[in-house]
Amino acid sequence: MLKKSVIIALIAGLSQSVHADLWSDLAAYTYGAESKAAEQLEKTVNETPVDQHPALEAELIKIIDSKDATEDGKHHACRALQRVGSETSVASLGALLHHPILSHYARLGLEEMTEIPAAGEALRKALDGAPANVLPGLVSSLGVRGDKKAVGAIGKLASHDDPAVAKASMMALSYISGNESLTAIQGAKIPDSLKAAQEESIVRCARGADTSAGSAALMKVYNNSKSDVHRVAAFTQMVNVDQDKAAGIIVDLIKGKHSYLRQGALRQIVSGQGAQLTSALVDALPDFDDASRAQVIELMSRRGDKGALDAVVGYLNSDNEPTKSAAIRTAAALGDGNTVKALIEQAKDGSGDQIYNAIGMMTDPGVNDALVGLLKSDGLKAAAISTLAKRGARGVGAHAVQLASDGNADVRKAAWSSMSQLASENELDTLMKVLVGIKDGAELAGAQNAIKTICSEAGDRNRSFDTIANYYDKSARATQLFVLELGSSIGTGKALDLERKALKSGDQEMVKKAIRALAAWPNDGAASDLMELAKNASSNSEKILALRGLIQVSGKGRSDKDKIERFKAASELVERPDEKRMLISALRDVRRPKALHMLKAYLGDEAVKREAEVSAIDLAWDLRKQFPEDVKAVAKIVIDNSQNKKVVGKAKSCFRETEGRKNK
Amino acid sequence: MTKKTVSRRNFMKGAGAAAVALPNIITSNALGQNGVPPASERVTLAGIGMGGRGMGVLGAMMRNKSIQVLAACDVKHGALEGCRQRVNKHHGNEDCMATTDYREIVERNDIDAILCATPDHRHAQVTIDAMKSGKDAYCEKPLSLTISEGRKMVNAARDYGRVFSCGSQRVIGDYGRLACAANSGRYGEIHTAHASPGGPPRHCYLPGEEIPPNTIDWDMWLGPAPWAPYHPYRCGRAYGLGGKGFRTWYDYSGGMMTDWGGHKFGGAMHGLKVDHTGPSNIYPPGTRENNQYLEYHFKGGKKIVVGGGQRYIGTEGEVKPLRELKVPPGLRWYNDGINSITEDFIHCVKTRKTPFRDVEFAHRVATVCHLGNIAYTLKRPLTWDPDKEDFIGDLEASRMVDRPRRGPWQI
């Protein structure tokens, strides 16, 4: 314990001696001097806890008060006081406020000591007799502090001969704000060159004045300014000061022809706050021309004030297309579940997509419930179910399934179009029951499409297909053909059984469909059936189709050994160049010497020689490290016989590498 | 040969009068020929602060044929002349006005928009003065030097109805795409973003040097910053915090924290959907359990961690740049599909739409950068009110929200 206190005392002593050096160094500091006093001061301020700031402040004050301290030393002391200064340092800082350079550094602290009234008093006191070059800074600091006691003095300076002083004074008054400041700015005797600065200050100041004074001042700028920019600023600020007056101006400007001011007015629809403005715009909607009305309604959506909703809904059946479109978007943006019916009722005569898209973006949780409620309303069912699909609604699949059996063909069509979005694999059995009863070709195609999508996106695709397959025997031929095709994307044993059944049906169309399905099988489960068909199918075209399928599915075998065996079997049946090319291409992907040997056999076949060279050398390159002798043999044949320079180049590389490997 | 040019602004102003007073004669230049858009489609521009970055952005803007640069400003004489020559060569005329005092540009009424690429401490003054004279503004990041001046920039844009876009190709580009990916729904609710900008600035103690003749207007370069003697490294262009460029120094820049923070916090805040607000608590490293890095905590449990690369963590997974830079289909965050920050600005000047990197968004991002610098300086947890934009219960920190401005440079 004793040891610890001794160490602390030693550190404190050391620290004091370091500080003693710091203060003397800082008092003598000039930019570029070897002394590191300024840097040391910054470090000390950063490391000194808040409760020790008074001690630091006392040292800094000594430097500022010292007649011998350098200007640069005082400058850095002022910087430090911006952070650690209290009321104690105000007098010392105040004494610097007339200095041409240190005045600014003194303001660093005084301006920011907003909680210390004496700092404001020092700044106010300094206004008397201050040289013109420091006055803009002094008045600005008072402005930033919002010092109402300074209004009288700054008001006089607003008419100062020096434009920089007058301008800064008007700006400072605008930040101090209030009626008195506003009067002072308006009363400033200024040259024309400062009119813009005066108007700008009036506009800013008006917000903090009484409504009547602020409104009158803004109207004056709006009516008399030669600057359109300031006129826009005036009515923009008016929205915050006197909403009724602002609303009137904005409505008039939207009706008018002055494009710059009109643009500013339209912008206020989005950013100007207040129910009065919404109400004025709504009241004026019938009076606007078509283009303006559409524009205003459109912007109402970004304004977000639900007070406009009823009026906007009234334009949903407008004869003017832009107005109607804008009303749809805005009604959806502002509305909720209660707006849905009015919107859905417009989903006709080509507006459907617009309506679905607009409702699709609505975020109110009541929207889906409202749409489900409309599924019982004749005439709105189709639109409601389509919109639910557009919104990606969950848990409404049963409603869609029910509508698939509706008496109205348009409703059924909409239901099937929406089905893949709304229903899940759990509803497949019911859907199949409906599907087997469909007679209309177009409707059936829509239904098949929906079921195909649900099946392909199902979590358990095999189970989903089994559900569908259960209806195979009960289905009409068109549906059976659909199931056969669907089977090729599933590839299960049950799907294979159905294809085999179709092959034996004797129905040529069913047989062809089954062969095509088998040829596109997603695994090698169909290989033996395809082999059989490739050998014994009744027509040549079926044999070719089966052979191509065989080559394709053989490449999907589980092991390279399986693949090679199947490719060998297929190669014995291959006669035409097209199938040979397929086989050559497939062999390239089997990284085994046996595949390379099979490819070697085609290197002398003039019909497919070029393709064989490319595939053989590609494969040889992959195998060069494990099977150099096999690779070397193939590479030599290619080097000796190929006309393809690129392939020969690669073959030579293979050859060189295998030679090198051999020598090693 | 000098081409006579007509600006969009003057064309629009004159169009009404011409319709009444003149027969139907419109010059070929006004109609637009040889690939030059008609005057009604052109945007007249002035570049202010035309050093390396400024020239780069100006070049990107000039690739859009509707841009017509009428004036350039830089307090460094060499940079100014280089810019003037390049602009005149591009337009095939001698029309580009060159000045060291941006106020001459602000006073012109034939300029639609300005590009501000000055050092950070001049951004607020230049853009606010430009907006008050009715010009739209594109300002390089970081938006501001202090939190308070950033808010004034937002207010000026709103009060005067100006389009204001802040530069950051990365926020609209790769970081924006990452933010879109984060919000694709695949990762659940995104609650944490990691971002790694650089460090804070330092105070400058460089000695004074004699200003070489005809090189720089020094007082104009300092502008609102405290007076300090000239030194080439004080105002240099060198990038980073190596002490040879303005970005190192506290009086002129927020350092790499604001420079890279403009990109990285921009992306992070976008992805967290907090780009309209600010954090409520800031924890410098080591001020709470297990915080190795600076952390910003937002209301609702979201946070930004300063460190660990650019990535997001959601309730159902982590989004990393290498995997997720491709924007999922259906997620479009930009005006009419534009994904270049300069093109977005030009598009918004013409259509009056709000740009992707609107000034409010840029201000919120810059604020996070400034809060980080303040937290690094004070080394203690800070509580921030993002609505009032002031610290709660920490007077020393509150004194860092703003800085007094020198002489006439008030905003």
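All chains are named by letter (A, B, ...) in the order of the sequence lines, taking the proteins before the strands, and each is independently numbered beginning at 1. Keep in mind that this is a model prediction, so the values were computed, not measured.
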Enumerate by number any residue of residues 151-160 of chain B whose heavy atoms lie under 4.5 Å from heavy atoms of chain A; in the absence of such residues, state 'none'. B:Lys152, B:Arg158, B:Asp159, B:Tyr160

Interface check, chain B: of A:Asp72, A:Asn133, A:Leu108, A:Leu135, most non-hydrogen pairs under 4.5 Å belong to A:Leu108

Partner chain A: residue of B:Ala397, B:Pro226, B:Pro229 with the largest heavy-atom pair count (under 4.5 Å): B:Pro226

Please classify the contact between A:Glu115 and chain B as side chain, backbone, both or neither, with a heavy-atom cut-off of under 4.5 Å. side chain

Cation-pi, B:Trp409 ring and B:Arg122 (6.0 angstrom, 45 degrees): yes

Does any heavy atom of chain B fall under 4.5 Å from the side chain of A:Arg231, the backbone, both, or neither of them? neither

Taking the side chain from A:Ser103 and the backbone from A:Leu97, do they hold a donor-acceptor pair closer than 3.5 Å? yes

Less than 4.0 Å between a side-chain N and a carboxylate O, is that true for A:Glu39 and A:Lys43? no

Would you mind checking which part of A:Val50 comes under 4.5 Å of any heavy atom in chain B, side chain (CB onward), backbone (N, CA, C, O), both or neither? side chain

Interface residue of largest heavy-atom contact number with chain B, from A:Gln268, A:Lys167, A:Arg79, A:Arg204, under 4.5 Å: A:Arg79

Where on B:Tyr250 is there a heavy atom nearer than 4.5 Å to chain A: the side chain, the backbone, both, or neither? side chain

Near-ring test B:Trp249/B:His121, centroid separation under 6.0 angstrom: no

So, does A:Glu111 use its side chain to make a donor-acceptor pair with the main chain of A:Arg145 at under 3.5 Å? no

Please step through salt bridge (charged side-chain N to carboxylate O under 4.0 Å, His left out) for the pair B:Arg406 and B:Asp219, ending with a clear verdict. CA-CA 11 Å; B:Arg406 195 168 62 106; B:Asp219 197 58; 3.0 Å; yes

Contacting region of B:Asp394 [heavy-atom separation from chain A under 4.5 Å]: neither

Stepwise side chain to side chain donor-acceptor pair (under 3.5 Å) test for A:Arg303 and A:Gln273: CA-CA 8 Å; A:Arg303 180 172 180 75; A:Gln273 301 296 307; over 6 Å; no

Who among A:Lys257, A:Met171, A:Gln237 has the most heavy-atom pairs with chain B under 4.5 Å? A:Met171

Chain A contact via B:Arg405 - which portion, at a heavy-atom distance below 4.5 Å: backbone

Given heavy-atom pairs under 4.5 angstrom as the criterion, report whether the side chain, backbone, both or neither of A:Val144 touches chain B. side chain

Residue part contacting chain A, namely of B:Ser398, when any heavy atom lies under 4.5 Å: backbone

Portion of A:Ala38 that has a non-hydrogen atom of chain B nearer than 4.5 angstrom: both

Take B:Tyr205 and A:His76 through the ring-ring contact (aromatic ring centres under 6.0 Å, His included) test and state the conclusion after the steps. CA-CA 10 Å; B:Tyr205 305 109; A:His76 286 284; 5.5 Å; yes

Between B:Arg380 and B:Glu396, is there a side-chain N and carboxylate O pair less than 4.0 Å apart? yes

B:Leu395 versus chain A, heavy atoms under 4.5 Å apart: side chain, backbone, both or neither? side chain

In plain terms, say whether B:Lys388 and B:Asp390 are close enough for a salt bridge, that is, a side-chain N and a carboxylate O under 4.0 Å apart. no

So does A:Arg83 pair up with A:Glu57, basic N to acidic O under 4.0 Å? no

Heavy-atom pairs under 4.5 Å with chain A are the metric here; pick the option from B:Lys379, B:Glu209, B:Met400 that has the most. B:Met400

Counting heavy-atom pairs closer than 4.5 Å to chain B, which one of A:Asn46, A:Val270, A:Val134 comes out on top? A:Asn46

Do B:Pro201 and B:Thr248 have side chains that approach each other closer than 4.5 Å (heavy atoms only, starting at C-beta)? no

Check each atom of A:Ile116 against the heavy atoms of chain B and say whether the ones under 4.5 Å are side chain, backbone, both or neither. side chain

Is there a donor-acceptor contact under 3.5 Å linking the side chains of A:Asn357 and A:Lys390? yes

Can you label the angle between the B:Phe356 ring and the B:Phe361 ring as parallel, tilted or perpendicular, going by 30° and 60°? perpendicular

